[in-house]
Colleague: 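Please find one structure pasted underneath; my questions will follow.
On a predicted model such as this, the values are computed, not experimentally measured, just so you know.
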Amino acid sequence: MRPSWDEYFMRLAYLVSTRATCTRRKVGAVIVKDRRVLATGYNGPPKGLAHCDVTGCIREELNIPSGERHELCRGLHAEQNAIIQAAVHGVSIKDATIYVTNHPCVVCAKMIINAEIKEIVYSEGYPDDLAELILLESGIKVRQYKLDEKVIESIVGDFR
């Protein structure tokens, strides 16, 4: 049976997440418009810098809870990298939909708002109340599309 468009793009987001080098959470993002993939991103350090799975995680060493003190991280989030990829290649993402394996944090939410992305579809939650609040205020459509855990496992396997 053919997957729905939501399932198709969310599966792609999980596949993209397998490239992430974060030691805490592997996240993937896919920006789509008119059922076409415009850009992808996964969490990891800026281009050319050592990856977190090599250098270690500052946030882990300082025991910083998930969803807090984002500035103390070497990496960019998946949403940030997808938006940057679109910008580098001159691709407009205005009025697009972003599929993300996790709900965006407040920093990514602000970037998504200013990029004029019209919809966020996420699979798993993220502990950031301010992100939820500003997205609600922004009017961007936010909805959860949760893949079955077995489907996720079949995509990410040992990469998770």
Side-chain angles (χ1 to χ4, degrees), residues 3 5-55 57-59 66-128 130-132 134-135 138 140-147 151-152 155-160:
W5 287 111
D6 280 343
E7 182 174 344
Y8 176 71
F9 292 125
M10 192 59 75
R11 282 178 179 245
L12 284 177
Y14 274 99
L15 182 60
V16 169
S17 78
T18 65
R19 293 281 305 152
T21 57
C22 178
T23 59
R24 289 181 123 189
R25 181 189 315 261
K26 297 186 183 309
V27 180
V30 177
I31 301 176
V32 176
K33 188 173 182 181
D34 299 327
R35 297 182 180 161
R36 300 224 183 319
V37 174
L38 302 178
T40 64
Y42 52 87
N43 52 332
K47 187 183 284 189
L49 299 186
H51 291 274
C52 302
D53 57 0
V54 173
T55 64
C57 177
I58 298 165
R59 293 167 50 82
S66 185
E68 297 179 16
R69 305 290 314 270
H70 296 113
E71 75 280 5
L72 295 178
C73 179
R74 295 179 56 83
L76 290 100
H77 287 185
E79 303 93 323
Q80 294 167 351
N81 275 323
I83 291 168
I84 292 166
Q85 183 185 73
V88 166
H89 295 286
V91 177
S92 173
I93 56 175
K94 182 179 179 178
D95 296 327
T97 297
I98 187 166
Y99 286 83
V100 195
T101 57
N102 292 84
H103 190 284
C105 73
V106 68
V107 175
C108 291
K110 291 185 282 189
M111 291 180 70
I112 289 167
I113 291 165
N114 277 4
E116 297 185 36
I117 290 174
K118 69 176 182 182
E119 182 178 21
I120 300 167
V121 183
Y122 70 96
S123 180
E124 300 173 41
Y126 188 75
D128 193 328
L130 184 54
E132 290 182 32
I134 69 166
L135 286 170
S138 76
I140 291 176
K141 183 176 181 182
V142 179
R143 62 188 173 87
Q144 186 172 29
Y145 182 85
K146 198 158 177 61
L147 288 179
V151 171
I152 295 169
I155 297 167
V156 299
D158 295 334
F159 295 106
R160 196 166 200 187

Colleague: Can you tell if the side chain of Tyr126 reaches within under 4.5 Å of the side chain of Ser66, non-hydrogen atoms only?
Modeller: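 With C-beta onward as the side chain, the pair touches.
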
Colleague: List the atom of Ala82, the atom of Ala39, and the distance in Å for their closest heavy-atom pair.
Modeller: O-CB, 3.4 Å

Colleague: Between Thr101 (side chain) and Ala13 (backbone), is there a donor-acceptor pair under 3.5 Å?
Modeller: no

Colleague: Quick one: does any side-chain atom of Asn43 pair with a main-chain N or O of Ala20 as donor and acceptor, under 3.5 Å?
Modeller: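 Side chain of Asn43 to backbone of Ala20, a donor-acceptor pair under 3.5 Å: no, none is there.
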
Colleague: Kindly check if the number of other-residue, nucleotide or ligand heavy atoms within 6.0 Å of CZ (Arg25) is above 12?
Modeller: yes

Colleague: Any non-hydrogen side-chain atom of Val142 less than 4.5 Å from a side-chain atom of Glu132?
Modeller: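 A side-chain contact under 4.5 Å is absent here.
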
Colleague: If you measure from CD1 on Ile152 to CG on Leu15, what distance do you get to the nearest 0.5 Å?
Modeller: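 Output value for this atom pair is 13.0 Å.
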
Colleague: Would you mind reporting whether Thr40 and Asn81 have side-chain heavy atoms less than 4.5 Å apart?
Modeller: no

Colleague: Is there a side-chain contact between Val37 and Phe9, using heavy atoms and a 4.5 Å cut-off?
Modeller: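 Result yes, sub-4.5 Å side-chain heavy-atom pair found.
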
Colleague: What are the two closest heavy atoms between Thr23 and Cys52, and how far apart are they?
Modeller: CG2-O, 3.8 Å

Colleague: Could you tell me the separation between the CD1 atom of Ile112 and the CD1 atom of Ile83, rounded to the nearest 0.5 Å?
Modeller: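 Atom-to-atom, Ile112:CD1 and Ile83:CD1 are 5.5 Å apart.
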
Colleague: Are the side chains of Tyr99 and Asp6 in touch, meaning some heavy atoms are under 4.5 Å apart?
Modeller: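 A side-chain contact exists here, since the closest heavy-atom pair is under 4.5 Å.
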
Colleague: Name all residues meeting the salt bridge (charged side-chain N to carboxylate O under 4.0 Å, His left out) criterion together with Arg74; count only those two or more places apart in sequence or in a different chain, and write none if there are none.
Modeller: none

Colleague: Once rounded to the nearest 0.5 Å, what's the spacing between atom CD1 of Ile117 and atom CD1 of Ile31?
Modeller: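 Answer rounded to 0.5 Å: 4.5 Å.
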
Colleague: Do Val16 and Val30 come close enough that some side-chain heavy atom pair is under 4.5 Å?
Modeller: yes

Colleague: I need the minimum non-hydrogen distance between Gly28 and Ser17, along with the two atoms involved.
Modeller: N-CB, 3.4 Å

Colleague: His70 and Arg59: which non-hydrogen atoms are nearest, and at how many Å?
Modeller: N-NH1, 3.8 Å

Colleague: Is there a side-chain contact between Asp128 and His103 in this structure, where contact means two heavy atoms from C-beta onward sitting under 4.5 Å apart?
Modeller: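 Asp128 does not reach His103 side chain to side chain.
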
Colleague: Would a 4.5 Å heavy-atom cut-off, applied to side chains only, mark Glu79 and Ile98 as touching?
Modeller: yes

Colleague: What's the shortest heavy-atom distance between Ser123 and Gln144, and which atoms?
Modeller: O-NE2, 2.7 Å

Colleague: Measuring from atom CG of Leu76 to atom NZ of Lys47, what distance do you get when rounded to the nearest 0.5 angstrom?
Modeller: 11.5 Å

Colleague: Got a donor-acceptor contact below 3.5 angstrom from the Tyr14 side chain to the Val156 backbone?
Modeller: no

Colleague: Could you check whether the rings of Tyr8 and Trp5 sit parallel, tilted or perpendicular, using 30° and 60° as the cut-offs?
Modeller: perpendicular

Colleague: Pairs in or reaching into residues 99-121: which pass salt bridge (Lys or Arg N to Asp or Glu O under 4.0 Å), with residues at least two apart or in two chains?
Modeller: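 Only Lys94-Glu116, Glu119-Lys141, Glu119-Arg143 qualify under salt bridge (Lys or Arg N to Asp or Glu O under 4.0 Å).
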
Colleague: Supply the atom-to-atom distance Cys57 SG to Arg24 CZ, rounded to the nearest 0.5 angstrom.
Modeller: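 Reported to 0.5 Å precision, the distance equals 5.0 Å.
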
Colleague: Within this structure, what is the CG-NZ distance for the pair Asp95 and Lys33, rounded to the nearest 0.5 Å?
Modeller: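 Those atoms lie 5.0 Å apart.
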
Colleague: Cys105 and Ala131: which non-hydrogen atoms are nearest, and at how many Å?
Modeller: C-CB, 3.5 Å

Colleague: Look at the side chain of Asn102 and the backbone N and O of Val27, then say whether any donor-acceptor pair between them is shorter than 3.5 Å.
Modeller: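 No; judged by distance alone, with no hydrogens or angles, the pair does not exist.
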
